[in-house]
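Let me begin by presenting the structure, written as structure tokens, before commenting on it.
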Amino acid sequence: MFSCRVKISHPYLHAQGVGPLWIPPANVVKYNVDGAVQQKNGSVGIGIVAHDHLGQIVGVMATSFPRLLSPRTVEAMAFREALVFAVNRDLSRFVVEGDSLEVVQALTQSGKSFTDCSSIRLDCLVLLSLFSSCSFVHVNYSCNRVAHSLAKDSLLDIKLENWGCPVSHWLANLALVDVWSFDRVLC
């Protein structure tokens, strides 16, 4: 087991001159979120991973719900759960990244809403009033692998919510790939 404050670094990548594309400024937490849908049993899952300004994992969450929703609604739920996660940790400044452009647009552009996730959008807007600074950002799927993996794992009834506690080896390795990915230019 590794500490949640795993430093994301690898000598080979440093030798190749590859570094992270974006790390949040000091005192800002970056959440990556994703949702997953399993059609055959009618469940949905959400995955969230939080990084500090050093690129270290400071928290993770994976949870599932026993009802079938549209993929867009599940993605919107992941953004909302990240806001709730931040409220429960008394954070005031953070960024939420996800790979659903439609959801990011619905949350950031007035007049850009979808009926299947309008109540979730409203929840997010209410929660946003509790923070001094919060941004929603669209990223390429390749920059969201840890959150995606957590969302998929939650469909197997794996529940996880950790803040400042040990992270498994597989998660630390996946975070290494996520942060130092060679295709970060696409993010």
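Residues Leu128 and Phe136 are in side-chain contact: their nearest non-hydrogen atoms beyond the backbone lie under 4.5 Å apart. The shortest side-chain heavy-atom distance between Ile46 and Phe65 falls under the 4.5 Å cut-off. Within the 4.5 Å cutoff, the side chain of Arg80 has heavy atoms near those of the Met77 side chain. When side chains are defined from C-beta on, Glu81 does not count as touching Val33, because their heavy atoms never get closer than 4.5 Å. Residues Leu83 and Phe94 form a side-chain contact, since some pair of their non-hydrogen atoms from C-beta on lies under 4.5 Å apart.
Nearest heavy atoms, Phe79 versus Glu97: CZ-C, 4.3 Å. Considering every non-hydrogen atom in both Pro71 and Val37, the closest pair reads CA-CG2, 3.9 Å. In plain terms, the two heavy atoms of Arg72 and Val103 that are nearest each other are O-CG2, 3.5 Å.
In this structure, Leu101 CG and Glu75 CD are separated by 11.5 Å, a value rounded to the nearest 0.5 Å. A distance of 9.5 Å separates OG of Ser154 from CD of Gln38, quoted to the nearest 0.5 Å. If you take CG on Leu127 and CD1 on Ile120, they are separated by 12.0 Å, rounding to the nearest 0.5 Å. The CG atom of Asp34 lies 5.0 Å from the CG atom of Asn144; values are rounded to the nearest 0.5 Å. Between Cys134 atom SG and Leu107 atom CG the span is 9.0 Å, to the nearest 0.5 Å. Atom CG of Asp153 is separated from atom NE2 of His148 by 9.5 Å, given to the nearest 0.5 angstrom.
Under the 4.5 Å side-chain heavy-atom criterion for Ile, Leu, Val, Met, Phe, Trp and Tyr, Leu122 and Val74 are members of distinct hydrophobic clusters. Taken together through direct or relayed side-chain contacts under 4.5 Å among Ile, Leu, Val, Met, Phe, Trp and Tyr, Val84 and Val96 form part of one hydrophobic cluster.
Between the Ser64 side chain and the Gly45 main chain, no donor and acceptor come within less than 3.5 Å of each other. The backbone N or O of Ser132 sits nowhere less than 3.5 Å from a side-chain atom of Ser92 that would complete a donor-acceptor pair. Judged by distance alone, with hydrogens and angles left aside, the side-chain atoms of Ser149 form no donor-acceptor pair with the main-chain N or O of Val146 at under 3.5 Å.
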Exercise for the section: Check the pair Tyr31 / Leu91 against side chain to side chain contact (heavy atoms under 4.5 Å, CB included), numbers first and verdict last. Expected result: CA-CA 12 Å; Tyr31 287 98; Leu91 299 176; 3.1 Å; yes

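When Val49, Ile48, Asn32 are each tested for a side chain to side chain contact (heavy atoms under 4.5 Å, CB included) with Val60, only one passes: Val49.
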